[in-house]
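Fair warning: this is a prediction, and the values are worked out from it, not measured in the lab.
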Amino acid sequence: MRELPPGVERISPIDISQEEAGAKIAVALGETKLDLVIVNAGIFKSPSVNRTSKIRCHSSEMHLRRSSSLLQVRVARSSYAPRKKVVATMATTEVKQAANMVGKLLASDFYDKGITVTVIHPGFMRTEVTRGVGYDKYWDSGGAVEPAVAARSTIDFISTLTHEQTGTFWAPRDPRDIGEAERVLGKNLPTPLELPW
């Protein structure tokens, strides 16, 4: 496991597929208050009729300060708009759309507490995950970047967020890495790009 920088603590072992994961994190945090929480967890596999997906959400607002941010990282294909047809990974897309709605609902719940909830598509990345499902053939044409590049643009975008943007879905990088963005949303799209839910 990679060594973390000084001052960074790891809470482990945590398995987010387990119901008690949120409670374990809350106990480990104790009285610690957080300014920023980034939820970035998921897998991408080829579709299977026998595979099922579960969404578990544990809201630990007691650990979020007023004016803090909660960010969910999602792929752009979880937006209903940048699509041209029903795809083989429909079940995966449905689960991601449901997770997006969790972000929208949390934004509503936390609005008066001054907590900003935003969903972010970090970009199309050159990873073993995308290679494993055959998407590496689109790396060059789709503008795929290394994870460190996507992370930097995501962090830079986070630093510009305001509470007025709570409940929104954003692609901080160039829309080129969202396959159907121009065909569905039009030409000359801005960067960062706000995505429809």
Indicate the atoms forming the closest heavy-atom contact of [X] with [Y], along with that distance.
X      : Y      : result
Phe124 : Tyr138 : CE2-O, 3.4 Å
Pro196 : Leu185 : CG-CD2, 4.0 Å
Ala144 : Met125 : CB-C, 4.1 Å
Pro172 : Thr191 : O-CG2, 3.3 Å
Ile11  : Ala28  : CG2-CB, 3.5 Å
Tyr111 : Thr166 : CD1-CG2, 3.4 Å

> Among Thr154, Val145, Ile155, which one satisfies side-chain contact (heavy atoms from CB on, under 4.5 Å) with Pro122?
Replying inline: Thr154
>> Test side chain to side chain contact (heavy atoms under 4.5 Å, CB included) on Ile158 and Ile120; report intermediate values, then the result.
In response: CA-CA 9 Å; Ile158 289 169; Ile120 294 179; 4.0 Å; yes
>> Is there a continuous path of hydrophobic side-chain contacts, each under 4.5 Å between heavy atoms, that joins Leu106 to Leu34?
In response: yes
> Under the side chain to side chain donor-acceptor pair (under 3.5 Å) test, which residues partner Asp136, sequence neighbours left out?
Replying inline: none
> Sequence neighbours excluded, which residues qualify as side chain to side chain donor-acceptor pair (under 3.5 Å) partners of Glu128?
Replying inline: Arg131
>> Would you compute the distance between atom CZ of Phe157 and atom CD of Gln165 and round it to the nearest 0.5 angstrom?
In response: 5.5 Å
>> Nearest 0.5 Å, please: how far is CG in Leu161 from OG1 in Thr116?
In response: 7.0 Å
>> Between Arg173 and Val149, does the side chain to side chain contact (heavy atoms under 4.5 Å, CB included) criterion hold? Intermediate values first, please.
In response: CA-CA 10 Å; Arg173 297 188 49 74; Val149 174; 3.6 Å; yes
>> Do Ile25 and Ile14 have side chains that approach each other closer than 4.5 Å (heavy atoms only, starting at C-beta)?
In response: yes
Give a yes or no answer on whether the side chain of [X] reaches the backbone of [Y] with a donor-acceptor pair at less than 3.5 Å.
X      : Y      : answer
Thr32  : Leu29  : yes
Thr130 : Tyr135 : no
His121 : Phe169 : no

> So does Asp140 pair up with Arg126, basic N to acidic O under 4.0 Å?
Replying inline: yes
>> Regarding Trp170 and Thr118, do their side chains bring together a donor and an acceptor under 3.5 Å, going by distance alone?
In response: no
> Does anything in residues 153-170 pair up under salt bridge (Lys or Arg N to Asp or Glu O under 4.0 Å), and if so which pairs, sequence neighbours excluded?
Replying inline: Arg152-Asp156
